[in-house]
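Working notes, beginning with the structure itself.
Atoms considered below: every heavy atom in the structure, side chains included; atoms not considered: hydrogens, waters and symmetry mates. Proteins come first, then strands; the chains are lettered A, B, ... in the order of their sequence lines, and each starts at number 1.
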Amino acid sequence: MIEEKLYPFDEIEKKWQAYWRENKLFTVDEQNWKNKYYCLMMFPYPSAALHVGHGRNYIIGDVVARYKMMRGFNVLTPMGFDAFGLPAENAAIKGGIPPKVSTLNNIATMKRQLDQWGVEYDWSRVVISCLPDYYKWTQWIFLKLYEKGLAYKKKAFVNWCPSCKTVLANEQVVNGTCERCSTQTTQKDLEQWFFRITHYADRLLSDLDKLTEWPERVKTMQANWIGKSTGVEIDFKIDGLAEKLKCFTTRIDTIYGATFIALAPEHPFVDKIIEGAKDKAAISKVVQKMRNESKIERSQEEAAKEGVFTEKFVINPVNNKKIPVWIANYILMEYGTGAIMAVPAHDERDFEFAKLYKLPIEVVIDDPKSPLDAATMKEAYVGEGIMANSGKFNGIDSQTAIKKIGDFFEENKWGKRATQYRLRDWLISRQRYWGAPIPIVYCPKCGTVGVPEKDLPVLLPENVEFRPTGESPLKFAKDFVNTKCPKCGEPATRETDTMDTFVDSSWYYLRYITPKLTDRPFDTELVNKWLPVDQYIGGIEHAILHLLYSRFITKFFYDIKVTGFDEPFKNLFTQGMIIKDGAKMSKSKGNVVSPDKLIADYGADTVRLYTLFIGPPEKDAEWSDRGVEGAYKFLGRVWRLVEKGNALRATGNADEKLKKNIDDLKRKTHQTIKKVTDDLDGGFHFNTAISAIMELVNETYDVIALDPSGKKDIEVLKEAIESVVILLSPFVPHIGEEMWRALGKTDSMFKSKWPSYDKNAIVEKVVTIAIQINGKLRSKIEVSADMNNADLKAAVLSDPKIKNWIGEKAIRDLIIVPKKLVNVVL
RNA sequence: GCCGAAGUGGUGGAAUGGCAUACACGCUGGUCUCAAAAACCAGUAACCGUAAGGUUGUGUGGGUUCGACUCCCACCUUCGGCACCA
């Protein structure tokens with residue numbers, strides 16, 4: 001803890017925050033979209049208080065916004081709150097404070113924290129997703145999707161979190177546990193609303209290629225999640241039944257080695273297939289047992305394989321062989337067709353199952369390295385190879401066979417090529433109160449009816465009773481539930497489920513452009529001018545959920561022609577987490593660092609500078625209180641530098657030594673401008689940009705120390721100091737603005753231009769050449785930068801140390817790297 | 001198992017084929033002070049050496065190159081994603 005106040009940060013920070021707000025520095029006219037730059041930070045859920053880990057996101061965004069402003073862009077930086085969600089409702093159940101009240105309180109607290117950080121937004125555009133003027137349009141999106149058949153209700157096995165007492169989307173289940181509370185989820189067979197995101201699977205995958213400015217790892221995660229695979233869907237004739245059994249395979253090349261068929265226990269054909277079996281009762285029992293195993297049990301580690309023979313067979317179309325049909329617990333109904341052709345020789349799971357139930361194994365692809373023997377093989381051979389025991393395809397390589405056998409199937413109409421995705425439809429129903437009501441009415445006569453647009457919003461009732469059971473109060477709100485059918489006017493009931501909050505956040509960035517429109521969600525023309533977002537900044541934890549859903553909704557809007565772009569975010573930056581004591585900051589771990597005390601002790605600029613200097617912003621970083629003090633000391637040093645600079649008066653001429661130092665300082669100044677500009681433009685290299693400014697500060701001090709009486713070229717010193725202030729200002733805006741005025745400027749520094757460097761000034765006149773002997777550094781010489789190679793060679797060879805090293809040996813080669821290095825090869 | 005990222009002083013990190021450890025933290029010694037803080041000066045990879053200097057050194061082992069933290073191959077460790085996905 002540093003006791004002394006190194007500069008009056010408290011006065012300065014309050015003063016300039018008020019100034020920026022009064023002068024509406026961050027307020028944007030949406031009609032003025034020329035030279036626009038849309039800088040967006042993921043809007044937060046309004047929890048009780050922010051910590052320094054959250055701060056990183058907003059600080060980075062603020063730096064980018066201020067920098068782009070100084071580069072002459074018309075910068076839009078809005079902020080809002082993802083305000084629906086479970087914590088507020090749970091607090092209401094526990095403490096009795098209505099969710100709306102606690103949420104709006106938290107929003108006020110968070111806004112205050114953002115303000116004291118000096119993080120500025122165009123607050124005239126604030127979007128709060130839990131207010132009716134916003135969720136009206138969330139409901140409108142639901143209706144549009146419903147209209148186009150992309151929102152539908154179905155009964156399905158869904159993920160249920162017993163603690164949150166609601167269903168969850170697949171994306172919200174992590175390793176079989178709830179993403180929010182880490183409780184083990186269970187399966188429930190419920191009727192729920194879904195969005196047909198799978199219709200967009202292919203585009204969501206292939207358009208990842210358009211996102212050239214997105215981090216590779218985010219794109220990989222999305223691609224994995226969508227999980228595309230291509231193969232063949234085979235129609236197997238079932239012996240003794242009219243139906244054909246569809247099996248999907250990516251390995252049609254192994255079709256001759258299929259020795260059994262396996263169905264998921266939930267497969268719709270199961271009952272029909274075991275009908276009439278001799279052992280029907282026993283088979284049924286096994287099937288029941290497998291069905292009762294929850295999905296979690298099945299997917300945990302290496303669950304034991306189990307299955308039962310159905311006494312039925314299918315015909316393999318390629319060789320008319322009869323293949324036995326089994327029901328097996330390792331087949332998932334959710335993927336493919338819920339039935340597979342099993343090829344034990346070339347699939348590990350099938351191999352394991354075949355060994356367990358002593359089913360035949362037939363090698364149809366030979367390992368080119370060592371021949372395979374079905375009788376002795378210890379594991380399946382899943383690689384490529386040469387086709388064997390495969391009729392007319394014998395001898396060709398398996399890659400070619402995939403193509404040829406695919407053609408063969410399509411020619412004979414035994415099946416067709418097909419694509420499968422891992423992605424499931426987005427389950428959006430939630431059995432909770434604090435969310436946007438799903439705008440649907442159930443009428444005994446007309447069935448399921450969408451609420452007409454003119455009747456939106458379907459208001460969330462506020463006088464409701466929260467039950468300790470966690471059941472949604474909406475179910476018991478009679479005035480809400482009982483309504484009239486919009487079609488026939490007869491008594492009807494409302495849907496009492498609300499929407500997943502990820503629906504709210506899937507479109508908020510569009511609302512910021514025209515946040516106050518009451519007759520439309522947004523103005524298409526203006527949105528097309530301002531979007532896509534130029535820079536989106538947020539946490540990696542949203543790599544799949546929020547970013548995938550937003551891309552989906554954007555594509556849907558594009559298709560229904562309410563927007564003219566099909567990807568919402570051009571550049572994406574995902575910042576790393578701030579770690580404390582080896583763990584992510586969280587209240588439960590008790591390792592939260594609050595910004596409030598730090599800002600009180602050292603000021604917001606210090607916290608900002610340290611947060612940016614801590615390391616590359618995309619990487620996780622360990623928080624250190626010592627590091628904060630270092631940042632504070634540096635700002636004090638800069639503060640004193642400006643004071644010193646202002647006190648300097650030129651008195652007479654500088655001597656030679658001083659002249660050289662002044663030349664060096666001028667060069668350093670322009671090199672620093674270049675370095676900082678490149679670091680900000682070419683990625684977010686804040687940490688190295690700040691180090692470069694520190695170097696310039698150090699060098700400026702050195703020059704002043706050489707001659708404190710002031711016999712020097714004042715202009716160069718003033719330029720150096722002014723550059724330090726301006727280059728530093730996006731990072732530490734308050735002290736930046738204050739020092740800017742101290743240098744005699746009258747307008748806000750964020751209205752002034754970012755400096756450009758003089759190309760001639762950065763050129764080194766004298767360079768240090770490293771001299772290596774056989775690649776090892778042995779000496780260094782200083783030479784003029786324009787020295788020719790012949791002279792350089794002579795200079796190197798006359799260096800006494802080098803002479804000594806060479807001795808009597810012959811020089812075999814001499815490599816010259818201009819202005820850097822000479823390597824003498826002996 | 002598959003896919004991806006990473007591994008550099010006591011610490012955070014810098015350097016993407018050319019002087020490894022910039023910048024900062026910490027530490028050691030000094031100046032100032034009654035004292036502390038701040039500030040300023042000097043030092044700080046390891047080993048050998050009084051020193052000059054030398055040797056080693058970027059997870060490990062190989063390779064390419066005049067030259068490798070950087071490129072290639074194999075491996076180890078850590079983190080993240082996916083995973084009985086047919």
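Residue A:Arg637 has its side chain nearest to B:C40 when only B:A86, B:C40, B:A38 are considered. Distance from the side chain of A:Phe248 is smallest for B:A86 among the nucleotides B:A86, B:C84, B:U55. The A:Tyr330 side chain lies nearest to B:C84 when the options are B:A39, B:C84, B:C66. Each of B:C85, B:G81, B:A24 was ranked by its minimum atom distance to the side chain of A:Asn698; first place goes to B:A24. Relative to the side chain of A:Leu332, the nucleotides B:C66, B:A86, B:A14 differ in distance, and B:A86 lies closest. The side chain of A:Leu6 has B:A38 as its nearest neighbour among B:A38, B:C23, B:C40. The listed nucleotides are B:C66, B:U55, B:A14; the one nearest the side chain of A:Asn823 is B:C66. The nucleotide whose nearest atom lies closest to any side-chain atom of A:Lys780 is, among B:G81, B:A14, B:C19, B:C19. Closest to the A:Thr220 side chain, of the nucleotides B:G18, B:U55, B:C3, is B:C3. When distances are taken from the side chain of A:Ser691 to each of B:A15, B:C23, B:A38, the shortest belongs to B:C23.
A:Tyr330 and A:Phe353 have tilted rings, their planes meeting at an angle from 30° to 60° on a 0 to 90° scale. Ring pair A:Tyr7/A:Tyr632 is tilted by interplanar angle, where 30° to 60° counts as tilted. Using a 30° and 60° split on the angle between ring planes, A:Phe573 and A:Phe684 fall in the tilted class, from 30° to 60°. Using the six-membered ring where Trp is involved, A:Tyr357 and A:Trp326 have ring planes that are tilted, between 30° and 60° apart.
Look at B:U65: it lacks any Watson-Crick or wobble partner with both distances under 3.5 angstrom. For B:C32, there is no paired base (Watson-Crick or G-U wobble, both distances below 3.5 Å). Under the Watson-Crick and G-U wobble criteria, each requiring two contacts below 3.5 Å, nucleotide B:U58 is left unpaired. In this structure B:U77 sits in a base pair with B:A6, meeting the Watson-Crick or G-U test at under 3.5 Å. Across all strands shown, B:A86 forms no Watson-Crick or G-U wobble pair with both key distances under 3.5 Å. With both pairing distances under 3.5 Å, B:A14 is matched to nothing as a Watson-Crick or G-U wobble pair. Across all strands shown, the partner of B:C27 is B:G43, judged by Watson-Crick or G-U wobble contacts whose two distances both fall under 3.5 Å. Across all strands shown, B:C19 forms no Watson-Crick or G-U wobble pair with both key distances under 3.5 Å.
Taking the C1' atoms as reference points, B:U65 lies 23 Å from B:U55, given to the whole Å. Taking the P atom of each, B:A14 and B:A86 are spaced 39 Å apart, rounded to whole Å. Straight-line distance between the P atoms of B:A39 and B:A24: roughly 12 Å, to the nearest whole Å. Comparing B:C3 with B:U64, their C1' atoms sit 28 Å apart, to the nearest whole Å. As rounded to the nearest Å, B:C73 and B:G18 have C1' atoms that lie 24 Å from one another. Going from the P atom of B:C71 to that of B:U8 covers 16 Å, rounded to whole Å. Nucleotides B:G61 and B:U70 place their P atoms 13 Å apart, quoted to the nearest Å. B:C69 sits 45 Å from B:C32 when the P atoms are compared, rounded to a whole Å.
Using a 4.0 Å heavy-atom criterion, one finds that A:Asn687 contacts the sugar-phosphate atoms exclusively. Nucleic acid contact class of A:Ser624 (heavy atoms, under 4.0 Å, all strands): none. Among the protein residues, A:Ile614 comes within range of the sugar-phosphate backbone only, with heavy atoms under 4.0 Å from sugar or phosphate atoms but none that close to a base. Contact annotation for A:Lys633: backbone-only contact, meaning every heavy-atom pair under 4.0 Å involves sugar-phosphate atoms and none involves a base.
No side-chain donor from either of A:Asn159 and A:Thr185 sits under 3.5 Å from a side-chain acceptor of the other.
Not a single donor-acceptor contact under 3.5 angstrom links the side-chain atoms of A:Asn224 to the base of B:C82. At a cut-off of 3.5 angstrom, counting only N and O atoms as typed in the model, there is a donor on one side and an acceptor on the other between the side-chain of A:Lys305 and the base of B:C84.
When the nearest nucleotides of RNA chain B are assigned to A:Glu695 and A:Ile540 by heavy-atom distance, the more 5′-ward of the two goes with A:Glu695. Along RNA chain B, the nucleotide nearest to A:Asp813 and the one nearest to A:Ile690 differ in position, and the one closer to the 5' end is contacted by A:Ile690.
Within the structure, a side-chain polar atom (N or O) of A:Ser229 is placed less than 4.0 Å from OP1 or OP2 of B:A86. In terms of phosphate contacts, A:Arg626 brings a side-chain nitrogen or oxygen within less than 4.0 Å of OP1 or OP2 of B:G26. The side chain of A:Trp623 contributes no N or O atom lying less than 4.0 Å from OP1 or OP2 of B:U11. In this structure, A:Lys580 does not reach the B:G12 phosphate: none of its side-chain N or O atoms is under 4.0 Å from OP1 or OP2. Residue A:Arg778 places no side-chain N or O under 4.0 Å from the OP1 or OP2 atom of B:G53.
When each of A:Leu797, A:Asn789, A:Val796 is checked for a side-chain contact (heavy atoms from CB on, under 4.5 Å) with A:Lys793, only A:Leu797 meets the rule.
Taking the side chain as every heavy atom from C-beta outward, A:Tyr602 and A:Val607 never approach each other to under 4.5 Å.
Syn is the classification of B:G9, since its glycosidic angle stays within 90° of 0.
A 6.0 Å sphere centred on CD of A:Glu643 holds more than 12 heavy atoms belonging to other residues, nucleotides or ligands.
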